[in-house]
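All remarks here apply to the structure that follows.
Both backbone and side-chain heavy atoms feed into the values below; hydrogens, waters and symmetry mates do not. Just so it is clear, the model here is predicted, and its values are computed rather than measured.
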Amino acid sequence: MKPFTTLTAIAAPLPLANVDTDKLIPSRFLKTIKRSGLGKNLLDPLRFDADGREIPDFVLNREPYRRAEILIAFENFGCGSSREHAPWALLDFGITCVIAPDFADIFYNNCFKNGILPIALPRVVCEQLMQDAAMGENARLTVDLQRQIVVRPNGEEISFDIDPFRKHLLLNGLDDIGQTMQRAPAIDAFEARERALLPWMPPITV
Amino acid sequence: MTDGTPRTLFDKIWDAHVVERMEDGTCLVYIDRHLVHEVTSPQAFEGLRQSGRRVRRPDATIAVVDHNVPTDADRAVRIREEDSRIQVETLEANVREFGVPYFPIADVRQGIVHIIGPEQGISLPGMTIVCGDSHTSTHGAVGALAFGIGTSEVEHVLATQTLLQRPAKNMLVRVEGALPFGTSAKDMMLAIIGHIGTAGGNGHVIEYAGEAVRALDMAGRMTICNMSIEAGARAGLIAPDDTTFNWIRGRPFAPSGEAFDRAVEYWRTLSSDPGALYDHTAVLQAADIAPMVTWGTSPEAVTTITGAVPNPDEVADEARRAQMRRMLDYMALAPGQKMEEIAIDAVFIGSCTNGRLEDIRAAAKVVAGRHVASGVRAMVVPGSGVVKQQAEAEGLDQLFKEAGFEWREAGCSMCLGMNPDKLRPGERCASTSNRNFEGRQGPGGRTHLLSPAMAAAAAVTGRLTDVRQFG
C-alpha cells in the first residue's frame with residue numbers, strides 16, 4: 001500500500017449529503033475480480049447520462065477537477081454497502097483524500113485499507129473548503145497527515161482528528177495482516193481458551 | 001475482563017472476543033464465523049495467494065454464491081453473463097484451493113448468505129460473525145455480534161481469523177406495546193429509520209428491545225437487524241430468548257443433544273445487565289406504527305401508506321431541501337401526491353430483508369384468491385433453496401403462479417441490480433428489499449420499500465395500497 005504523508009492537490013466540491021455506495025460505484029460494475037479499473041465508473045450516475053455521455057456540468061467532468069485528488073462532500077459520505085470497490089474506484093480515479101462532516105462506518109474503515117485518508121470536519125468548514133475548491137487550479141489544498149492539518153489556499157491551517165493507530169498505518173503504508181500475523185501466539189491462546197469454554201461450538205464441514 | 005459494572009449485550013460479546021487490546025483502544029477481535037460470497041472475495045483470495053498465506057480456519061468459514069447468480073431454472077447449467085460466470089468460477093476455484101466449505105448453486109442449501117447462515121444453524125448466539133456485505137447485521141437477530149466488512153478485512157479474517165476494530169458505541173431502540181393490525185417487522189424498522197435517520201446509528205451497535213420486539217418471530221427479528229445498516233449502524237442485536245433457542249434447535253450445523261443444552265446455558269447469559277448504560281436511547285410506541293412506504297432515494301425518506309409525498313418548500317435547511325428535490329425528481333413524484341395513488345410497474349418479494357418463509361406466507365395470504373394487476377411484472381424470489389422447498393411443500397408456488405407471479409430460484413435477485421433481475425429505466429417497483437438508492441435495482445429504476453404484505457397488495461391493485469383494506 002502506498003503511504004499517505006502530505007498531499008497538495010486540486011479539490012473537487014461535491015455539495016451532496018448521503019453520497020451512497022451505489023452512487024460511488026453502481027453494483028453492475030462490481031463484477032470484477034480485480035481492484036483496478038473502477039475509476040472510469042466512479043460516481044457513474046452523476047457523471048454520465050443514460051446513454052453513457054458525460055454530463056458536462058458535473059464537477060469531475062470539468063477542468064481542472066478531472067485531475068482532482070481531494071473530494072469534499074457533506075454528511076454521511078459512503079453510506080450503504082460494504083463494497084471496497086467504492087474506495088478502489090476513488091483511488092483508481094486518483095482521489096486519495098475525502099473531506100466530509102462525517103462518514104459511514106464501513107466506508108471509513110475501507111479507506112484506510114487502501115491508503116485513502118478520510119477527514120471529518122464540521123459542515124461549516126467543509127463549506128469553506130468547497131468555496132476554496134470552487135476557485136479551481138489556483139486554489140490547491142494541502143493535507144499534512146503527520147501534523148494533522150488541512151492548509152487552505154490563504155494559508156489558514158485547519159486541524160483534524162485521526163486515530164493514532166490508523167495514522168501510523170497510513171503514514172507508513174503498512175499492511176495490517178502482516179502485523180496481525182505476528183500476534184499468532186495470542187490468537188492460538190485465544191482459540192484454546194474458547195474451545196475449553198465453549199466446547200459445543202461446532203466446526204463447519206460440508 | 002469485567003469489574004462488575006453492568007454491561008450491555010454488545011459489551012459482553014465484545015469482551016468475550018478480545019484477543020488483545022492495544023494502548024490506543026484498538027482491539028484484535030476474534031471472529032467465530034466468516035461468510036464468503038462471490039463478489040467481495042476474489043481480491044481477498046488473490047491477496048492470500050500473493051503473500052503465500054492460507055485460510056486459518058476453514059472450519060469457521062462458509063462460502064456461497066448469491067449476489068450475481070441468475071434466478072432462472074437453468075442457471076445451474078449455464079450462467080450467460082460472462083463476468084458473473086467468471087466471479088462464480090473464481091469463487092469455486094478459491095474454495096477448492098483453500099479448502100473452504102461451500103454450498104454450490106445446485107445445492108438446496110444455496111441461498112442469500114444472510115438467509116442461509118441462521119437457517120443452517122451456522123450463525124449462533126454469542127458469536128462474532130462477519131461477511132463482506134453490509135447486511136451481515138441480519139445475523140444479530142440470533143444474539144450474535146455480526147457486521148459487514150470490506151474486502152481487505154475479508155482477507156484479514158481469512159488469514160488470521162481476527163479483525164482490528166475499535167469498540168462501537170451502544171444504542172438502545174425500544175419499541176413498546178404491540179404492533180397494530182396490518183403491520184409487520186418491516187414497517188417497524190422503516191418507522192425506526194424514519195425516526196433516527198440513515199446516519200442515526202453511525203458508530204453504534206443498535207440493540208432492539210421492548211415488548212413489540214420480543215413478540216417478533218425470528219424472521220421478523222432478522223428483518224429488523226438486517227436494516228440496522230440503513231440506520232447507519234454496522235450491527236443490530238436482539239438478546240436471545242426461548243423464541244431464539246427453540247428456533248435454533250435441530251438446525252443442521254447447530255449443536256445437538258447435550259451440547260445444545262450446554263450451549264443454551266451459556267446463551268441465557270447473553271442479555272444486557274440491568275442498569276447497563278447506552279450512549280443513545282430511542283423509544284417508539286408500536287401503536288403509532290402504520291404500514292410504511294418510502295417515497296425517496298434514502299430509506300429515511302419514508303411515510304405511512306395513508307400519507308403524501310412531502311413538500312421540499314416546507315423544509316428549512318437548504319441542503320436538505322435540495323436533496324429532497326433531487327429525490328422527487330429522480331422518483332418522478334410531486335409534493336402532496338398521495339402515496340396510495342402511485343402506480344407501479346413491478347413488484348419484488350424477496351432479498352435478505354424479506355426472503356424468508358414467513359415473509360412469503362405473509363404475501364401469499366394477501367394474494368390468495370386474487371390476481372396480479374394487468375401490466376404489472378411481479379416476482380417472488382425465495383431467499384434460499386430450503387425456503388423455496390418449504391414454500392412449495394405448502395403449495396405457495398402454485399398460489400403465486402396462478403395469481404400471475406413469477407416464482408424463481410434463490411438469490412439476491414432484484415435487490416441490487418447485478419444479476420439479470422433488474423428494473424428498466426423509469427420503471428417503478430414496490431420492493432421488499434432494503435435500499436431505495438438511485439439505480440439500486442437497475443439504472444433509472446425507482447424503488448418503494450415496503451413489507452411483503454404491502455408488496456402483495458400493490459401487485460394486486462397495480463398501485464401502492466394500504467394492505468389493511470384487504471382485511
Side-chain angles (χ1 to χ4, degrees), chain A residues 15-18 20-23 26-28 30-35 44-45 50 74-76 79-85 87 102-107 109-110 113-114 163-166 175-181 183-184 186-187 189-191 194 197-206, chain B residues 19-20 22 24 26 28 30 32 39-40 42-43 59-62 68 83-84 86-87 90 101-103 122 132-134 148-153 155-156 159-162 164 166 198-199 202-203 232 234 253-255 259 262-263 266 298 319 323 416-418 425 435 437-440 443-444:
Chain A
L16 289 176
N18 297 312
D20 59 65
T21 48
D22 280 87
K23 268 202 200 78
S27 53
R28 62 186 184 279
L30 309 188
K31 296 195 221 176
T32 169
I33 55 170
K34 297 186 298 189
R35 284 179 162 88
D44 192 280
F74 286 145
E75 290 81 1
N76 204 24
C79 61
S81 151
S82 66
R83 60 187 69 161
E84 201 157 316
H85 308 71
D102 54 38
F103 296 86
D105 293 342
I106 305 178
F107 175 83
N109 256 319
N110 283 340
K113 312 290 181 191
N114 294 284
D163 175 293
F165 181 68
R166 284 173 163 149
D175 156 24
D176 51 0
I177 296 177
Q179 307 244 315
T180 301
M181 296 289 272
R183 300 176 193 274
I187 302 172
F190 181 93
E191 283 176 344
E194 196 179 59
L197 208 63
L198 311 172
W200 48 264
M201 187 108 73
I204 304 173
T205 48
V206 293
Chain B
V19 176
E20 276 191 317
M22 328 279 165
D24 72 340
T26 304
L28 189 64
Y30 196 78
D32 293 320
V39 176
T40 58
Q43 296 86 350
D59 66 329
T61 312
I62 181 78
N68 73 26
D83 41 10
S84 294
I86 289 171
Q87 270 190 339
T90 303
Y102 173 56
F103 295 150
I122 288 168
D133 188 276
S134 63
I149 55 177
T151 298
S152 295
E153 290 177 313
E155 186 181 340
H156 195 280
T160 70
Q161 205 57 32
T162 64
L164 285 160
R166 295 183 72 107
T198 46
N202 278 2
R234 282 180 83 176
F253 291 86
R262 288 187 69 174
Y266 171 63
S298 166
Q323 197 196 2
L416 84 168
M418 73 175 300
R435 286 190 182 131
F437 297 161
E438 287 180 30
R440 171 75 179 182

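Between chain A and the residues B:Pro101, B:Ser152, B:Gly132, B:Gly417, the largest count of heavy-atom pairs under 4.5 Å involves B:Ser152. Annotation: maximal heavy-atom pairing with chain B below 4.5 Å, among A:Glu191, A:Lys23, A:Arg166, occurs at A:Glu191. Your options are B:Gly232, B:Gly439, B:Ser84, and the one with the most heavy-atom pairs under 4.5 Å with chain A is B:Ser84. Taking chain B as the reference chain and counting heavy-atom pairs below 4.5 Å, the highest number among A:Ala186, A:Cys79, A:Pro202 is found for A:Pro202. Interface check for chain A: of the options B:Leu28, B:Ile62, B:Leu416, the most heavy-atom pairs under 4.5 Å are formed by B:Leu28. The candidate from A:Gln179, A:Glu75, A:Met201 with the greatest count of non-hydrogen atom pairs under 4.5 Å with chain B is A:Met201.
A donor-acceptor distance shorter than 3.5 angstrom exists from the side chain of B:Gln87 to the backbone of A:Leu30, with no hydrogens or angles considered. Distance alone, capped at 3.5 Å, places no donor-acceptor pair between the B:Arg262 side chain and the A:Trp200 backbone.
With sequence neighbours excluded, the residues forming a side-chain contact (heavy atoms from CB on, under 4.5 Å) with B:Asp83 are A:Lys31, B:Glu81, listed by chain and number. Applying the side-chain contact (heavy atoms from CB on, under 4.5 Å) test to B:Gln43 and every residue at least two apart in sequence or in another chain returns A:Thr32, A:Arg35, A:His85, A:Trp88, B:Thr151.
When heavy atoms are compared at a cutoff of 4.5 Å, A:Leu198 approaches chain B solely by way of its side chain, counted from C-beta outward. For chain B, no part of A:Phe107 is nearby; none of its heavy atoms comes within less than 4.5 Å. Contact of B:Ala60 with chain A is made through the backbone alone, with heavy-atom distances under 4.5 Å. Using a 4.5 Å cut-off between heavy atoms, A:Asn110 touches chain B through its side chain atoms alone. Heavy atoms closer than 4.5 Å to chain B are found nowhere in A:Ala50, neither backbone nor side chain. Proximity to chain A is limited to the side chain of B:Tyr266, based on heavy atoms less than 4.5 angstrom apart.
Within the model, atoms CG of B:Asn202 and CG of A:Asp102 stand 6.0 Å from one another, a figure rounded to the nearest 0.5 Å.
Using a cutoff of 4.0 Å between basic side-chain nitrogens and carboxylate oxygens, B:Arg166 and A:Asp163 are scored as salt-bridged.
The closest side-chain heavy-atom distance from B:Glu438 to A:Asp22 is not below 4.5 Å. B:Gln323 places none of its side-chain heavy atoms less than 4.5 Å from the side chain of A:Leu16.
Closest heavy-atom contact between A:Ser27 and B:Arg440: OG-O, 4.5 Å.
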